[in-house]
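Please read the structure below before turning to the comments.
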Amino acid sequence: MLRVPLNDSAAYGSTTHEAKASRYPQKRRFKAILTAVLLAAGTAQAQEYVRPTPDLDRLTQELFAEIQSDQVPSEDLYETLLQYYQTPISLNTATREDLRGLLLLSENQISQLLTYRQQRGPLLSLYELQAVPGFDLRTIYRAAPFVTVQTAGGTNGLRGPLWQRVFKEDNNALFLRYERVLQTRTGYTAAPLDSLGRGPTRYLGSPDKLLLRYRVSHAKDFSLGVTAEKDAGEQLTWNPNGRQYGADFLSAHFVVQERGKLKTLAVGDYQLQFGQGLLLSSGLQVGKGAETITTLRRSSIGVRPYSSILESTFFRGAAATVEVAPTVRATAFVSRKRVDANVQLAADSLAEFDEFSSGFLLTGFHRTPSERANRQTLRETVAGGNLSYTSRSGHLAAGLTAVDTHFDKAIQRRPELYNQYEFRGTHNLALGAHYTYVRGNVLVFGETARSSSGGWGTVNGLLASLAPTVDVSALVRHYTRNFHTLYGNALSENTRNINESGLYLGLKVRPVARWEVSAYYDQFWFPWLKYDVGAPSRGHDWLTRVTYAPTKTSLLYAQLRTRQKAYNPSSGQPIPQPEPTTRHSVLLYYDANPTPTLGLRTRVQGSRYRATDASPWQRGYVLAQDASVAVGRRLRLTARYALFDTDSYDTRQYVFEQDVLYAFSVPALSGQGTRVYGIAEISCTRQLTLWLRLAETHYRHQTTVGSGLEEIQGPRRTEFKAQARYRF
């Protein structure tokens, strides 16, 4: 993250910058800012500076309001940000849709940038963003790691053959990561056997978690990557009959882009995103977060390479996008892979399906005999396409999407009433249409789709800049109880787009310099039953965050959030009547850099929870203090000390932690105790960088930690992690 004192004075950068800056009326301001950024960058490379390493921890905290579940795909978020960092968007060639994909720029900023580019030509340097109306320092700092002004399009051929471009690419790097919990867990102990030689379940593999990742890419040119992962408890074995070749999860992709009419060709593992993600959604999805405007709309980023370690959110096969006409692009894809499922044989000879599964297993764990028995037992084939039109001005975009999914064994959920309208059978065809239209500072967008069950879903929204300092947003969604989208992830309160209606309203105001107020209110309805909710229900969710940047290197914000949703009461009633549960949360966060080498972060968060109106309030809080210091040019040390105290698991606290590069950690703290960790980042050579991390949670008044096979005897849980990156 750049830390720039704007009042510093120094010589300008290149004479080219000076000449261009002199054309603008805000010359003096541009001069000061340009000078400051040059100082912050240290050394400028001709007309481009070295992009800073993204501060993913701070960025995710600015985007996400609050983690309240273990189901947030943080790995996918970090992986998407990694892809943007490795293949930054060129501000001189990016389309409106490309810029929207970043989720960091408002519609007004995008329009201003495109207008600036059209009127004054390509940007000479990223520093020139200071001269684009609507761009403030905070926006530039957030976007700087993920954008560039270098023009990639049209120059690939000049850089030599493809194989030479791959080997000479700067981000050609290999990552090796090792993790382990130091205490012995029940799953790794010897099991007592009975007289028949039978004993309780234990993990089949070692407690070591291993990751190997190789990735090289260049924007608008190519991407090549291989990933291998073994979770703790999984076996590292060569078993072709069990479809395992070393590590438990293997992934690879090869993507080429901008080959004349062929815009993208992906072979191997890939992701797809079109429209508002109602049918196909992947990558950076924030949902309802602290960023109440830019993250509301999804962008049609099309085919993307996949190199994450999530084992269920990708396609495996091939996809291609071709330019049919200057304003029309067509995408076709086919995917075939095996997914985890608990396949059962029908007990009744008159049953509709001889074999069926009650659902998909998405954890990706294959540690015990039962988990291995469910590994890759269901074959999934997905095929479809998208046809998109974008007007020459870029103001209007529309498209059609088709997704046809087939399973070799039927999906048949348990015969519970709340499952009555869930997907059932072996085949699902979903068709959808999406649109986007921008006029002035107003953007409208939406997508509507229908599945073969007859269910349909629709999401429509609006973003508008009412004034240079006031942005608003609104979104209406409706997903019927029998709408089935297996790879969709449009905005919703549920984890899937089914059985929900809702209205979202967002606001962002910058009343004076350095201050920003963001807020949203979301009302939602569930017209049919859900798991643990025995009747139609409704709820609401609202958030307010006030952000203040007292200096250019510090950030302070306070956040309030209230969520109310209905659940069945714990007291067993013959006919459950859901009652509203209420959760209030507060968060105070301060990030400062007193010196260029010292960073401090303070976090205070708490919540209270009430299961019913008659129940007592339960409370929980956590206090966390972070410090990071750079020791010379080759070593950076980071540490945290945190105290937590919660009345119950319902008031558990999810807290972002800094981790080794491109890894994430958001532990759930419950009970009473302390959480500490330390990270050392060591730049051994220009090619080799090491990260070492040690974290420990100490629970008070507990003799064991965890449960089941994860149980530890004693009050501590210690995690060690090491990572090496070698740049070729």
Side-chain angles (χ1 to χ4, degrees), residues 1-10 21 24-41 52 55 58-59 61-63 65 102-113 115-116 123 125-145 147 289-295 441 463-473 506-520 543-560 587-596 599-602:
M1 188 68 67
L2 296 176
R3 311 293 185 191
V4 185
L6 288 182
N7 293 326
D8 287 349
S9 61
Y24 312 134
Q26 59 271 46
K27 175 181 175 182
R28 292 186 59 188
R29 176 171 177 269
F30 180 70
K31 174 182 175 180
I33 295 172
L34 176 61
T35 301
V37 178
L38 282 171
L39 285 176
D55 189 340
R58 178 166 167 171
L59 181 59
Q61 293 189 66
E62 290 188 36
L63 293 177
L102 263 181
L103 301 182
L104 301 177
L105 305 178
S106 69
E107 201 61 30
N108 180 52
Q109 289 170 330
I110 293 173
S111 296
Q112 294 284 8
L113 175 62
T115 301
Y116 181 93
L123 278 69
S125 166
L126 197 60
Y127 315 141
E128 197 176 340
L129 276 178
Q130 299 287 336
V132 179
F135 276 75
D136 52 35
L137 274 179
R138 188 180 176 214
T139 299
I140 296 175
Y141 289 155
R142 294 170 70 183
V147 298
E291 174 51 64
T292 56
I293 305 298
T294 60
T295 58
N441 293 329
L463 306 180
S465 295
L466 303 182
T469 58
V470 180
D471 296 305
V472 297
S473 61
L507 172 69
K508 181 186 288 185
V509 181
R510 295 168 292 280
V512 294
R514 304 184 185 278
W515 286 87
E516 180 178 282
V517 179
S518 56
Y520 76 74
L543 172 143
T544 300
R545 175 179 284 192
V546 180
T547 304
Y548 173 55
T551 70
K552 301 170 188 65
T553 60
S554 59
L555 181 70
L556 170 67
Y557 62 75
Q559 174 182 296
L560 295 174
L587 169 63
L588 299 175
Y589 180 81
Y590 182 53
D591 186 341
N593 290 265
T595 70
L600 298 173
R601 292 179 179 178
T602 305

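Start at 1 with the first residue, then count along the sequence. Just so you know, these numbers use all the heavy atoms, side chains as well, and skip hydrogens, waters and symmetry mates.
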* **Heavy-atom pair of closest approach, residues Ala290 and Gln559** => CB-OE1, 4.2 Å
* **Exercise: identify the closest heavy-atom pair between Arg142 and Pro145** => O-CD, 3.5 Å
* To do: Using modelled atom types only, decide if a donor and an acceptor are shared between the side chain of Glu291 and the backbone of Ile293 within a distance under 3.5 Å.
  => yes
* Measure the OG1-CZ distance between Thr551 and Arg514 for me, rounded to the nearest 0.5 Å. => 7.0 Å
* Structure fact -> Closest heavy-atom pair, Gln109 versus Phe135, reported as atoms and distance to 0.1 Å, is O-CE1, 3.3 Å
* Asked: Distance from Asn441 atom CG to Ile110 atom CD1, nearest 0.5 Å?
  -> 11.5 Å
* To do: Please answer whether the main-chain N or O of Leu105 pairs with a side-chain N or O of Thr139 as donor and acceptor at a distance below 3.5 Å.
  => no
* Asked: At their closest point, which heavy atom of Arg510 faces which heavy atom of Val470, and how far apart are they?
  -> NH2-N, 4.0 Å
* Structure fact -> Smallest heavy-atom separation, Pro550 atom then Leu556 atom, equals CD-N, 4.4 Å
* Is the shortest heavy-atom distance from the side chain of Tyr590 to the side chain of Leu600 under 4.5 Å? -> no
* Asked: What's the spacing between Leu555 CG and Tyr548 OH if we round to 0.5 Å?
  -> 11.0 Å
* Using the side-chain contact (heavy atoms from CB on, under 4.5 Å) rule, pick out the option among Thr292, Val472, Val517 that qualifies with Leu507. => Val472
* Modelled atom types, side-chain donor and acceptor of Ser111 and Asn108, under 3.5 Å -> no
* Asked: side-chain contact (heavy atoms from CB on, under 4.5 Å) between Thr294 and Asp471: does it pass, once the steps are laid out?
  -> CA-CA 10 Å; Thr294 60; Asp471 296 305; over 6 Å; no
* Provide the closest heavy-atom pair for Arg545 versus Leu587 in the form atom of the first, atom of the second, distance. => NH2-CD2, 4.2 Å
